[in-house]
Structures are given as C-alpha cells and as structure tokens.
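Heads up: the structure comes next, in structure tokens.
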Amino acid sequence: MTTARRELSRRYDAAVVEPAIYERWMAAGAFRPSDQPPAGAEPFVIIQPPPNITGALHIGHALTATVEDVLIRYHRMRGDDTLWLPGVDHASIAAQFVLDRILAEEGESRASLGREKYLERMWQFMGETRSVIGEQHRRLGASADWERERFTMDAGSARAVRVAFKRLWDAGLVYRGEALVNWCPRCLTTISDLENIHRDEAGTLWTIRYHLEREDGTPDPERWVSVATTRPETLLGDTAVAVHPEDDRYRDLVGRHAILPFLGRRLPILADEHVDRGFGTGAVKITPAHDADDYELAKRHGLPAITILDEQARINEAGGEFVGLDRYAARKEILARLAASGDLEDEKPHQMVVGHCDRCGTVVEPRLSVQWFVHVKPLAERALASVREGRTRILPAHFEKVYAHWMENIHDWAVGRQLWWGHRIPAWYCPDDHITVSDAEDGPDACAECGRPAAELRQETDIFDTWFSSGLWPFSTLGWPDETPDYRRFYPTSVMETGYDILFFWVARMMMLGLFCTDAEPFHTVYLHGMIRAEGGAKMSKTKGNTVDPLGMVDEIGADGLRFALVSGSAPGSDARLTRAKLDGGRNFTNKLWNAARFVLGSRPAGAGARGAGDRDEPSLAVRWIESALAEAVQRATRQLDALDLGGYAATVYDVAWSDYCDWFLEMAKVDLRRDGATDAERAATWDGAARALATLLRLLHPLMPFVTEEIWQVLREEAPAATGDEPLLIRAPWPTAGERDRAAERAFEDLAALVRGVRNLRTEAAAPAAAWLPLVVAATSVESAAALEAGRAYVEALARVRPIELRPDAQRPELIATSPLGAAWLGVDAAAREAAAERRRAQIEELDRNISRVRDLLANASFAEKAPATVVERERDRLAALEEERRQLAHAG
RNA sequence: GGGCGAUUGGCUCAGCUGGUUAGAGCGCACGGUUCACAUCCGUGAGGUCACUGGUUCGAAUCCAGUAUCGCCCACCA
C-alpha cells in the first residue's frame with residue numbers, strides 16, 4: 001500500500017462521517033466575503049430562510065441548506081463576491097406552542113409564570129436550540145458566514161421592525177380598528193387568514209323555528225320563520241333574520257319581527273340580496289359577531305353585533321342561562337331545549353368547510369375585536385408589478401400565476417397577536433386614547449397629539465405576527481435602516497430559496513415590505529423547492545413516524561451522500577420522494593468517488609505528479625478523450641447551475657464521474673499504466689492526465705459533495721501539486737473552465753467503445769467464461785479503421801478481454817458477429833455457440849431493415865428535404881449510412 | 001366554486017424553446033474473487049410516453065377536449 005492510499009484510508013471516516021475539514025474551512029475564513037469587494041466581481045447573495053428555533057432541523061431544512069450551499073459554493077468558486085447569511089426565527093406562535101408544552105410537563109403554564117418570567121424562560125430555551133441548529137447546519141456542510149448570523153429578535157431586527165412599522169403608519173398604511181378576525185380559542189390570539197386552515201368536514205344542518213312577534217310583543221305559538229344553521233349555539237348572538245327580497249315565501253314577513261328563543265330578543269326580519277333562496281329554508285339567522293358574512297350584512301343594515309363567546313369560546317354573560325358553557329356544550333344544550341319545545345324542525349347531515357388553527361388544530365372562532373391592520377393593497381400592487389415586469393422572477397415560472405392571483409385578491413393583514421413572545425407593537429396610548437407610533441427604542445417622549453408626557457402613556461401589549469419581522473429579513477440582516485457597508489454591497493440580494501408552501505406567508509410579505517422599505521426588489525430570483533415526501537408519496541410527519549432525520553442520515557451515510565440524494569432527480573417546485581434506495585445511491589456515489597481517488601492516488605508512477613497541463617507529452621487517447629468529455633461536462637454543469645437546474649447538474653456530474661471517468665477512462669488508463677514496454681514518460685503522462693481529470697472532477701463535484709471532494713483534494717495536492725494548481729483548499733479553488741472539445745479523440749473513443757461493447761455482448765451470448773481470454777477477428781471497414789484498431793488494440797484487448805486480435809479483412813465470417821463502425825468482429829468460440837446466435841442475427845437484420853426503410857422514406861419525402869433544417873437532413877443521411885454499413889457487416893455473417 | 005400541477009418500462013424520476021432507434025438510478029434476469037470499489041463490474045429483458053382529436057415533413061414535447069391523482073385558493077348560513 002502506498003503512502004497516498006494509506007493516507008486516504010485514514011481520512012475516509014473523517015471525510016464521510018466526521019468531517020474535520022469543516023474546521024479548516026472556518027479557520028481559513030473561507031465562508032466570509034473578503035474585506036473588500038473584489039474588483040469587477042459580481043455579488044451573489046443568499047439570505048437564509050431562518051429556521052424556527054423551536055427544535056432540531058428536519059429534512060426540509062436539509063434540502064434548503066443543500067440547495068443554498070450548492071449555489072454558494074459554486075459562485076464562490078466562480079470568484080463572485082459571495083455572501084450567505086444565516087439566521088434563525090423567533091417563530092412567535094410556534095415557539096410559544098412548543099414552550100407551553102414543555103412547561104405543561106413541568107406542571108407550569110404561561111399563566112402561572114406571568115409575562116416576565118415566561119419571556120425569560122423563552123430566551124433561555126432559544127439559547128439552547130439556537131446553537132443546536134447552527135451545529136446541525138455545519139454538519140450538513142453549510143458554508144454560511146456564521147459571523148454574520150442573525151436572529152429575528154435581535155436588536156437589529158427589533159429596530160428594523162419599529163422603523164418599518166412607523167413608516168407604514170406615517171404613510172397611512174396602518175390602521176387600528178374593530179373587525180371580525182380569526183381567533184384561536186386555544187392559542188388565545190388572532191391569526192391571519194393564511195393561518196386559518198379550511199378543511200372539509202361532515203357537519204349537521206339544523207332547522208330552527210323562530211316564532212313571530214305578535215302585536216302584544218309575545219311570540220306567536222302558531223307562526224314562525226324557520227332558519228337553517230350549522231352552529232345553533234350562535235343564535236344567542238342573533239340580531240336579525242334575513243331573507244331574499246324577491247322571495248315570495250317571506251315577502252309579507254319583511255319588516256316584522258321574530259322572537260329569539262331563550263333570550264326573547266326582538267329580531268327584525270329584513271331583506272338582503274346576499275341571501276341564497278335555495279339554501280336551507282331561504283331564511284338565515286344573522287349573528288354579526290360570530291360570522292363573517294353576517295358581519296358584512298349587519299354593517300349594511302346597521303345591526304348591532306353581540307359577542308356571546310369569551311376568548312376561550314365559552315358562552316359569556318350575554319348568553320343568559322347558558323353562561324360558562326363551552327361552545328359545543330352550549331350547542332348540545334340548546335339543541336336539546338329546542339327539541340323539547342318542538343322548535344327543532346329538522347336535522348340533516350351537511351358537508352361544510354371549517355377553519356382550523358394552523359398551529360394547534362383548534363376550530364377557529366370569528367371574533368369581533370379591535371386590531372392592528374396593514375393596508376396591503378398598495379404594497380401588493382407594486383409587488384405584483386415587480387414579478388409581472390420580470391424584475392423578480394419566480395422558479396418554477398408557474399408559481400408566478402399563483403403569486404399574482406393571491407396578490408390580486410389580497411385582504412388587509414391583521415398583524416397584531418395577543419401573544420407574549422415577539423416584537424411588541426411600537427404604539428402608545430395616552431389616557432385620551434390618542435395613538436402615538438414611535439420607532440425610538442425607548443418609545444415616544446410624549447403623546448403625538450396632546451403632548452402628554454411619556455409617563456402617562458402605555459404601550460400596546462399586542463405583539464407582531466412573526467412574519468412581519470420575517471418580511472424585513474432580506475434587508476434587516478444587512479443593517480437596514482442604516483446604509484451600512486453590507487447593505488450597500490449586498491442588497492438587493494440574489495436568490496431567495498425556500499419552499500413553495502410559504503410563498504404567501506413569507507415571499508409575498510418580503511416583496512411587499514422590501515419594496516416599501518427599500519424601494520427595491522429584495523431579490524432577483526425566487527427559487528421554490530418542493531416538499532420532501534416519504535416513501536409512497538405520503539407527507540413526512542412525526543406522528544406518522546415516516547420522517548428521515550437528516551442528522552441521523554449524516555451519521556449513517558455522510559453529508560455528501562445525503563446532499564446528493566436530496567438534489568438528484570429534483571426539480572424546482574416539484575415534490576420529491578426520499579427513499580431508502582435513493583439515499584443508498586448517494587452513499588454509493590460517495591464511495592465510488594472515494595475509491596476512484598484511492599486508485600489514482602495509489603498508482604502514481606515515478607516521475608509523475610509534478611507537471612502541469614502545459615507540458616503533457618504525447619497524451620494517450622484515454623487522456624485526450626476524458627479531457628474532452630470533461631470539457632463537455634463543465635460546459636453543461638455550468639449552464640445548469642446558472643439556470644438553477646440542480647437536478648440536471650447532479651445528473652451531469654454523476655454521469656461523467658461514474659460512467660466516463662470510472663467505467664471507461666480509468667479502465668483505459670490502467671492499460672496505459674501497466675502496458676509492457678511503456679516508457680516512464682508515457683506512464684507519467686497518463687497518470688498526470690488522470691490526476692488532472694480527477695482535479696477537474698473534484699472541482700465540478702465540490703458544490704454538491706464538499707466533504708469527500710475536499711478530503712481527496714488534500715491528498716491529491718500532495719501527490720500532484722500541478723494538477724491542483726497547488727490550491728490549498730478546494731473550497732477556494734477556481735471553478736473549472738470548459739476546455740476545448742477534442743472531436744477526433746471523442747470519435748476514436750466512441751468507435752473503440754462500440755467495438756468493446758459489441759464484443760462483450762458476444763461473450764455473454766456465447767456464455768464465454770468471464771475470465772477467459774478469447775481470440776478475436778476483426779474485418780476492418782477501411783484502412784483508417786485498421787489503423788485506429790491498431791492504435792487502440794491494447795484498450796480493446798483489456799476491456800473486452802480478447803487476445804489475440806487478428807485483423808483479417810477477407811476472412812470467412814461466422815454467425816456470432818459484432819458490428820461496429822470500425823468493422824465486423826467475431827470471437828473464436830465453438831460451433832454450438834455460433835449456431836445459437838444465428839436466430840438473433842436474423843432478428844437484428846429485420847429490425848435494421850425496418851429502420852433503414854424508415855429513414856429512406858423520410859429522406860425521400862420531398863417536404864422533409866424542403867422544410868427540415870439542413871443539419872437534421874444531414875444527420876439523417878449519416879444515420880442511414882451507418883445503418884447500411886451495419887447491415888452490410890451482418891449480411892456477411894453466417 | 002375557481003385555479004395550478006402531474007400522468008413516460010415493476011418503482012423513483014430526467015427529457016430545454018417539436019427533429020437520433022425515448023434516457024438514468026433502483027428493482028429484475030444471467031454471468032463475474034481481472035490486484036480502486038460486491039456500497040462493485042459486465043450483459044440483457046422491460047415503455048403504443050393516461051386517453052381522444054388537431055397543427056406539422058416530423059409530436060412524449062405545441063393546441064383543444066376527456067379521465068384519474070395531487071395541491072392551492074374561496075365569506076355561502
């Protein structure tokens with residue numbers, strides 16, 4: 001075992017399982033932008049979507065980190081002025097949800113601790129998870145600039161939140177007012193429309209009789225109006241009954257009153273066009289405080305709104321005798337009472353849509369309250385124009401339509417949350433209820449309207465929706481509202497990479513707030529990745545137990561294998577299944593690279609390793625070909641990375657590494673290295689070519705598989721400094737430039753490879769022992785072919801395991817024959833094997849004839865010749881010639 | 001009720017602006033201890049590209065419709 005090979009073995013675990021190289025990257029400052037922007041370098045900036053600091057990273061985070069790291073490493077190698085800024089999100093409601101659960105296990109609660117202690121506890125919790133998340137990213141290889149790491153609750157973010165809100169307020173885009181909002185009776189806060197998840201449910205539609213009022217004010221036992229409802233408990237808050245104005249059934253009732261059961265409230269019966277005559281009885285009870293439609297209708301008719309539920313969705317004092325009952329208990333009770341009095345007319349199953357809290361799943365209750373709103377229409381219009389006019393593009397493109405549709409139908413954003421963990425809204429009230437909004441850290445000095453001193457003002461207790469601070473993230477992280485050097489150098493950013501599931505929550509808000517605050521699109525490209533799904537296509541979830549733990553996977557197969565599995569076969573916006581087979585594929589590929597390197601580095605002949613690309617003497621066909629193949633791969637990979645086609649990039653590097661470099665090139669290089677009579681110079685030239693090609697391969701692969709490539713690079717640099725350009729760290733090595741294609745070498749290789757494949761095929765057909773050396777006869781098609789065969793003789797011998805190879809143009813041809821551009825070839829095997837192949841020859845000829853006549857017809861077609869491009873016609877002609885040559889070779893057989 | 005996406009060999013997916021005989025990995029079959037790798041090597045079988053029409057010299061690719069699946073949005077009691 002050579003020194004180099006021993007060194008690689010020692011490094012294997014380090015590279016794949018416990019990557020120590022990360023520390024060296026950090027120490028070398030490789031993740032940091034240079035102190036001065038390099039002259040002429042384009043900035044390339046990614047601001048990381050901050051994970052919620054509520055726990056460990058899941059596989060989606062690993063995908064995000066991988067995609068971003070690939071792009072960052074690529075652009076870093078390109079020499080761009082590269083910044084990847086990481087951070088974490090305080091995740092207001094999600095964090096409280098998690099902490100509340102932890103507290104519950106300890107027998108404590110939000111209430112028992114009180115606001116101050118609760119927040120103290122939250123900061124402590126944040127401190128713990130924050131370092132875990134950073135560590136996990138490092139294990140995945142994320143080359144983010146940790147020195148610039150930010151937090152949505154740090155001082156800079158807090159200031160950005162205050163300033164942004166103040167500017168919105170000054171611009172008249174913020175208002176405080178009473179409205180019906182989504183309320184979670186468990187989280188005890190308002191939630192936005194986006195957090196209110198609609199689900200189809202099987203419910204019940206009840207029909208209830210409301211007796212009409214008699215002249216003496218008492219309910220008429222004989223006459224009633226029947227209303228249909230899915231929520232009988234809300235009748236306690238009814239203030240009217242509505243019918244359609246042209247509904248003849250009820251025409252004479254309009255203007256009269258009905259009496260509300262239990263409470264005896266007089267309900268005007270009124271007409272409104274929004275009532276659907278076909279639904280239920282055509283008469284609808286109106287509960288303005290607990291239903292969005294009813295609220296709108298009540299506004300039109302000046303009806304009062306009576307709130308009958310408290311914040312935990314229990315009946316309040318307005319509910320009379322039902323006070324204190326939970327909404328569902330009240331429903332049951334009210335139905336029982338109505339049934340008893342004979343006023344429950346009907347009950348039938350009903351499919352309906354019910355809103356649930358995104359966080360805890362509780363049924364959301366519409367609740368009338370005073371809230372802070374952002375008036376988003378004007379913001380949305382700008383954000384829409386940016387995408388429509390291409391200043392920001394969304395990948396995949398069809399999400400631009402989804403984005404547009406949402407922006408066009410946007411509602412005002414209820415930004416206040418009745419939670420504790422988050423940025424408190426910087427608004428102060430004076431005793432006269434004047435509102436003062438201030439962006440000063442210590443609040444306003446006095447009431448903006450009446451001048452009362454700060455001591456008499458009290459701050460709003462509501463905090464912001466967590467997405468408000470997230471919406472400022474692309475610039476709050478760079479120093480905004482100050483024009484810091486980072487802000488000037490790195491803003492606007494380049495690519496915003498995140499999952500399509502938060503397009504509205506986050507991307508839309510960043511666009512709106514970014515344009516408002518900075519007057520610029522916060523990024524020029526939005527790359528939306530898909531969701532990672534489990535085997536069988538199911539959504540991954542902890543409760544289903546079908547998750548893939550990224551860190552566990554790193555332990556098992558290494559970060560590189562995981563990264564490869566995540567990226568290969570993926571397309572933006574499409575969900576991808578992460579199967580065991582795919583993960584194994586990533587692991588196998590890592591292993592393959594490792595072993596290829598082990599072979600190359602362990603086989604350096606005397607005198608090799610020192611010379612550069614410039615002074616190669618007489619490179620063999622193998623070397624000339626692999627360099628050309630790599631030139632093509634570099635070209636493709638570069639194009640694919642520029643187009644953010646990471647799946648294509650993964651396929652390109654996989655193919656060139658495994659199929660071209662390992663399967664073909666290294667096998668040919670072995671021939672050159674081991675050939676009897678080869679000079680030291682020839683061997684050295686081959687090895688140097690292998691080392692150079694390996695160096696190119698490592699550069700190409702590094703963005704995707706940073707650990708294994710860097711570890712190999714370290715040894716390669718010792719063995720072949722010239723091949724690595726003596727660059728100490730691959731992470732800083734320049735991205736390869738596409739060299740010249742060598743068409744002659746490609747052609748020569750393809751011809752030999754076709755012959756080798758043909759002969760291998762024959763061996764299998766003849767059931768020849770794999771290890772046996774068989775004689776081969778080839779009838780070369782031409783003098784040039786014969787020369788090419790002579791030149792490639794050693795390759796063919798070794799790769800097809802045939803010896804000797806006899807060139808005999810006129811020999812009699814047996815049935816067992818392989819066709820190739822260089823000529824027909826046949827093996828020296830027994831008659832039985834040849835006989836068995838005769839049938840197959842006939843089938844082959846038949847298929848060839850079909851193809852030949854197809855191409856002939858195509859070429860004979862006048863409109864084809866006329867309309868098809870010349871290159872296509874030319875290609876078809878070449879194909880016909882090749883088919884005919886193959887036919888000729890076969891026809892001579894047998 | 002709107003909108004979007006998908007449908008390619010047993011499975012998971014590629015196939016860019018229409019142009020080789022539609023590719024890959026896994027799986028399968030057969031054969032392999034040839035000194036980098038069995039986490040491997042070689043060979044092979046397997047697809048009327050969901051369906052129906054249309055445009056075109058030429059369609060997996062473009063258009064229209066149908067079917068199935070999935071997702072998003074939506075104030076109907």
Side-chain angles (χ1 to χ4, degrees), chain A residues 5 8 180 193 198 205 227-231 234 242 274-276 279-281 283-287 291-296 350 352-353 366 396 398-399 401-402 405-406 409 500-501 503-504 531 535 537 557 561 568-571 573-582 584-585 587-603 639 643 645 647-648 651 654-655 659 662-663 666-667 670 674 757 760-765 767-771 773 798-799 801 847-848 850-851 854-855 858 861-869 871-873 875-876 878-879 882-883:
Chain A
R5 207 177 285 179
L8 272 166
L180 202 59
D193 292 344
H198 297 280
L205 186 68
V227 295
T229 181
T230 56
R231 305 197 51 201
T234 64
H274 280 71
V275 177
D276 179 354
F279 188 90
T281 60
V284 56
K285 59 191 269 314
I286 301 300
T287 321
D291 182 277
D293 288 325
D294 294 1
Y295 181 71
E296 289 304 313
H350 181 63
M352 51 196 265
V353 178
H398 72 257
F399 274 104
K401 271 187 263 181
V402 179
H405 182 256
W406 190 75
N409 297 290
Y500 66 73
D501 55 331
L503 177 63
F504 306 141
M531 303 295 110
E535 209 127 10
I557 67 169
S568 69
S570 77
S574 315
D575 294 352
R577 290 167 204 214
L578 190 61
T579 59
R580 184 69 229 184
K582 201 162 182 186
D584 284 343
R587 176 201 56 184
N588 294 354
F589 187 41
T590 314
N591 179 260
K592 186 72 180 176
L593 291 173
W594 191 261
N595 279 296
R598 227 157 58 83
F599 165 69
V600 172
L601 292 164
S603 61
R639 183 162 35 80
D645 174 11
Y654 181 89
D655 281 349
S659 172
C662 293
D663 287 349
L666 285 184
E667 294 308 313
K670 282 176 190 170
R674 292 166 186 169
R757 273 189 285 257
R760 281 172 175 171
N761 181 331
L762 288 188
R763 295 185 67 108
T764 303
E765 254 181 52
W773 289 91
L799 299 187
R801 213 165 172 81
E847 198 189 335
L848 266 176
R850 274 198 302 277
N851 276 316
R854 191 184 58 77
V855 179
L858 184 64
N861 185 329
S863 51
F864 172 75
E866 196 180 307
K867 295 180 182 175
T871 52
V872 174
V873 177
R875 201 172 53 218
E876 293 299 325
D878 288 349
R879 177 140 43 103
L883 289 168

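Lettering follows sequence order; numbering is per chain, from 1.
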Between B/C41 and B/A6, how many Å separate the two P atoms, rounded to a whole number? 34 Å
When you compare the protein's N or O atoms with those of nucleotides 73-75 of chain B, which come within less than 3.5 Å of each other, and at what distance?
unit_1	atom_1	unit_2	atom_2	d
B/C75	O2'	A/D293	OD1	2.8
B/C75	O2'	A/D293	OD2	2.2
B/C75	O2	A/D293	OD1	2.3

Base, sugar-phosphate or nothing for A/P869? Non-hydrogen atoms, less than 4.0 Å. base
Return yes if the base of B/C37 and the side-chain atoms of A/N591 contain a donor-acceptor N/O pair under 3.5 Å, otherwise no. no
Does the side chain of A/R587 get closer than 4.0 angstrom to OP1 or OP2 of B/U39 through an N or O atom? no
Which value, in whole Å, describes the distance between the C1' atoms of nucleotides B/U8 and B/U48? 12 Å
Scan A/I286 against the nucleic acid and name what it touches under 4.0 Å (heavy atoms): base, sugar-phosphate only, or nothing. nothing
Over all strands shown, is A/K670 touching base, sugar-phosphate only, or nothing at heavy-atom distances under 4.0 angstrom? base
Categorize A/E667 for me: base, sugar-phosphate, or nothing, with a 4.0 angstrom heavy-atom threshold over every strand shown. base
Would you indicate what A/K592 reaches in the nucleic acid, counting non-hydrogen atoms under 4.0 angstrom: base, sugar-phosphate, or nothing? base
Between C1' of B/U56 and CD of A/E866, the distance in whole Å: 14 Å
Would you indicate which nucleotide in B/A36, B/U20, B/G5 comes nearest to any side-chain atom of A/H398? B/G5
Please give the distance between the P atoms of B/G9 and B/G3 as a whole number of Å. 30 Å
Answer yes or no: does a side-chain N or O of A/R577 lie under 4.0 Å from OP1 or OP2 of B/C13? yes
Please tabulate the protein-to-nucleotide N/O contacts below 3.5 Å involving nucleotides 26-34 of chain B, giving atom names and distances.
none

Is it possible for you to check whether A/K670 lies under 6.0 Å from the centre of the six-membered ring of A/F599, through NZ or CZ, and within 45° of that ring's axis? yes
Which part of the nucleic acid does A/D663 contact within heavy-atom distance under 4.0 Å: base, sugar-phosphate only, or nothing? sugar-phosphate
For B/C51 and B/C69, measure between their C1' atoms and round to the nearest Å. 15 Å
Between B/C13 and B/G31 - P atom distance, rounded Å: 33 Å
Sorted by chain and number, sequence neighbours left out, side chain to side chain contact (heavy atoms under 4.5 Å, CB included) with A/H350 holds for A/L205, A/T230, A/F279, A/M352
So what does A/N861 hit on the nucleic acid, given a heavy-atom distance under 4.0 Å: a base, only sugar-phosphate, or nothing? sugar-phosphate
If you look at every strand shown and take non-hydrogen atoms under 4.0 Å, does A/T230 touch a base, only sugar-phosphate, or nothing? sugar-phosphate
Give the rounded distance in Å between these two atoms: NZ of A/K401 and P of B/C4. 5 Å
If the condition is side chain to side chain donor-acceptor pair (under 3.5 Å), which residues does A/N588 pass it with, not counting sequence neighbours? none
Hunt down any stem RNA chain B takes part in, defined as 3 or more consecutive Watson-Crick or G-U pairs whose two distances are each under 3.5 Å. B:1-7 with B:67-73, B:10-13 with B:23-26, B:28-32 with B:40-44, B:50-54 with B:62-66
Salt bridge (charged side-chain N to carboxylate O under 4.0 Å, His left out) against A/D291, all qualifying residues, sequence neighbours excluded: none
